[in-house]
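Okay, so here's the structure we're looking at.
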Amino acid sequence: MKRIIKRLFKYCKNHLSYLSFERKHVDSINKPEGEIVLFENKFFYHHEMAFYNTYKEIFEKCIYNFKINNSSPIIIDCGANMGLSVLYFSKKYPNAEIIAFEPDESVLPFLEKNILSQDLKNVVLNKKAVWIEETELKFYTDNGLGGRVERVFENQNPKIVETVRLRNLLCKPIEMLKIDIEGPEYIILKDCEDLLFNVNHIFVEYHSFFDEEQHLDDLLSILKRQGFRYHLKESFSRQRPFIDNVLVNEKFDMAINVFAYKG
């Protein structure tokens, strides 16, 4: 009986906490930015709906959950945005070394505040974009979740960002490689292909440009050649693909989440 009462109390506590979180979300629907308490510390967001949808994906659906194969894994997060992904990785895998990349000046202040507020001591932030060489590129952003290099947003003057060649980081064992960079994921994985044997888990959001050749099959072929199994999950697609012409971030007619793993 005591065990049942204890479980019931825990359920009620968690349920009330969730309802409180939902109320805070409803109260902030029309606010472009704000803060909320996560893990007893403040978390700052720059785009309320982007925060809420991403939070549900990462912390409720746990899409980045994976089994570690060593006690001190290395996780590379390409496209850390406001910091929900690094927060999840840091809490879930406290002994991990987390290398995060985010070049978007519109979200960097929030990401930096969140790393400090949440006391994420195992996160190293690089204010650069990942690419196929070390250089400088034009960077465009929708000030939400859609920052990308070399792909034009209408009526926007780009920023210039520094880049890092991703393959240079893959010369040692990597437990998780997350790539959510709004477009150049295929060419970057292609550049890294011969080093992917060092990686155990890969998450990549593939983006299809409506006016360019599609490369989902090429991306999957890279993963298959390097010994990965993959699972596909819709991120965005048209409801009626034969007739709809809906685009996301002015360029994408489809986005697919790809989960790749060994064994």
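Here, residue 1 is the first one in the sequence, and each next residue gets the next number.
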Self-check item: Other residues, nucleotides, ligands: >12 heavy atoms within 6.0 Å of Lys61 NZ
Solution: no

Quiz item: So, Lys190 and Asp218, do they make that salt bridge, N to O below 4.0 Å?
Solution: no

Self-check item: Members sharing Ile160's hydrophobic cluster (side chains within less than 4.5 Å)
Solution: none

Which donor-acceptor pairs under 3.5 Å do side chains of residues 255-263 form with protein atoms, sequence neighbours excluded?
unit_1 : atom_1 : unit_2 : atom_2 : d
Lys262 : NZ     : Phe197 : O      : 3.4
Lys262 : NZ     : Val199 : O      : 2.9

Exercise. Answer yes or no: is there a side-chain heavy-atom contact under 4.5 Å between Leu169 and Ile74?
Key: no

Practice problem: Using the test ring pair (Phe, Tyr, Trp, His ring centres under 6.0 Å), find all partners of Tyr93 that sit at least two apart in sequence or belong to another chain. | Solution: Phe66

Exercise. Calculate, to the nearest 0.5 Å, the distance between atoms OG1 and CZ belonging to Thr135 and Arg165 respectively.
Key: 12.5 Å

Quiz item: With a 4.0 Å cut-off, would you call Lys127 and Glu112 a salt bridge?
Solution: yes

Exercise. Could you pull out all residues at least two apart from Tyr88 that satisfy ring pair (Phe, Tyr, Trp, His ring centres under 6.0 Å)?
Key: Phe59

Quiz item: What about Phe210 and Phe252, are their ring centers closer than 6.0 Å?
Solution: no

Quiz item: If you measure from CZ on Phe43 to OH on Tyr55, what distance do you get to the nearest 0.5 Å?
Solution: 10.5 Å

Quiz prompt | Side-chain donor-acceptor pair present, Asn41, Ser117, cut-off under 3.5 Å | solution = no

Quiz item: What distance do Lys224 atom NZ and Leu219 atom CG have between them, rounded to the nearest 0.5 Å?
Solution: 14.0 Å

Quiz item: Partners of Phe89 by ring pair (Phe, Tyr, Trp, His ring centres under 6.0 Å), sequence neighbours excluded?
Solution: Tyr64

Quiz prompt | Hydrophobic cluster partners of Phe44 (side-chain heavy atoms under 4.5 Å) | solution = Phe110

